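Down below is the structure, laid out as structure tokens.
Treat the numbers as computed from the prediction; the structure is a model and nothing was measured.
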Amino acid sequence: MSNGARPQVTKITVEFDNAPPKIYPDNGYMPVALFWSDDVVANILGSYYDRLATPHKMTYERLVQQFGPVRAIAACPAGPGASVDLTQKVVTDIWNMPNPPTLLGVMSKDPGCDIGG
């Protein structure tokens, strides 16, 4: 139980060894969690989606916005207008797929339940 106001995180900066920093909030949202290792992406983020009673769907268009067209079409082969159930396999496939020339450095869990890169 809290006796006062909890401090609010207003900005997170993620620095990479081979790319410019990524600053959150990004695209108007502050993520509820960030993931940056193979094990954590698969076993925490991915398994979260596998445990949902009603699968969370992500549209092809949102996948393009978050991850680019190469990863979007791989995750959602039906393309524009379609959506895909987020599962551990989909999350780890997106994470492990190079989008020329690099792999993702971080994934986020958005407040609205989507994933972001």
Under 4.5 Å between side-chain heavy atoms, counting indirect links through other Ile/Leu/Val/Met/Phe/Trp/Tyr residues: same cluster for L86 and F35 or not?
yes

Common cluster, V32/M107, ILVMFWY with side-chain heavy-atom separation under 4.5 Å
no

Under 4.5 Å between side-chain heavy atoms, hopping through other hydrophobics if needed: is there a path connecting V106 to I12?
yes

Please report the shortest heavy-atom distance between S83 and K57, naming the atom on each side.
OG-CD, 3.7 Å

Spacing of S108 atom OG and M30 atom CE [to the nearest 0.5 Å]:
11.0 Å

Quick one: CZ on R51 to OG1 on T87, what's the gap to the nearest 0.5 Å?
13.5 Å

Can you check side chain to side chain contact (heavy atoms under 4.5 Å, CB included) on V41 and V91, steps first, answer last?
CA-CA 8 Å; V41 167; V91 170; 3.8 Å; yes

Indicate yes or no for a side-chain donor-acceptor contact from Q8 to the backbone of R6 under 3.5 Å, with no hydrogens or angles considered.
yes

Side-chain donor-acceptor contacts of residues 14-25 below 3.5 Å, not counting sequence neighbours, with atom names and distances?
residue, atom, partner, partner atom, Å
K22, NZ, D26, OD2, 3.3
K22, NZ, G117, O, 2.7

Please name all residues satisfying salt bridge (Lys or Arg N to Asp or Glu O under 4.0 Å) with R71, sequence neighbours left out, ordered by chain then number.
none

Between the CZ atom in F67 and the CE atom in M97, the distance rounded to the nearest 0.5 Å is 12.0 Å

State the CG-OG1 distance between D38 and T92, to the nearest 0.5 angstrom.
9.5 Å

Show your reasoning for whether side chain to side chain contact (heavy atoms under 4.5 Å, CB included) applies to Y49 and I115.
CA-CA 10 Å; Y49 287 103; I115 55 175; 3.5 Å; yes

Checking side chain to side chain contact (heavy atoms under 4.5 Å, CB included) for the pair L63/I94: CA distance, chi angles, key distance, verdict?
CA-CA 10 Å; L63 287 162; I94 290 169; 3.9 Å; yes

In this structure, would L103 and L45 fall into the same cluster of hydrophobic residues linked by side-chain contacts under 4.5 Å?
no

Quick check on the hydrophobic clustering: are Y48 and V90 connected, directly or via other members, by side-chain heavy-atom contacts under 4.5 Å?
yes

Is it the case that atom NZ in K89 sees more than 12 heavy atoms from other parts of the structure closer than 6.0 Å?
no

Using side chain to side chain contact (heavy atoms under 4.5 Å, CB included), reason through D110 and R62 one step at a time and then give a plain yes or no.
CA-CA 12 Å; D110 299 358; R62 180 85 168 132; 2.6 Å; yes

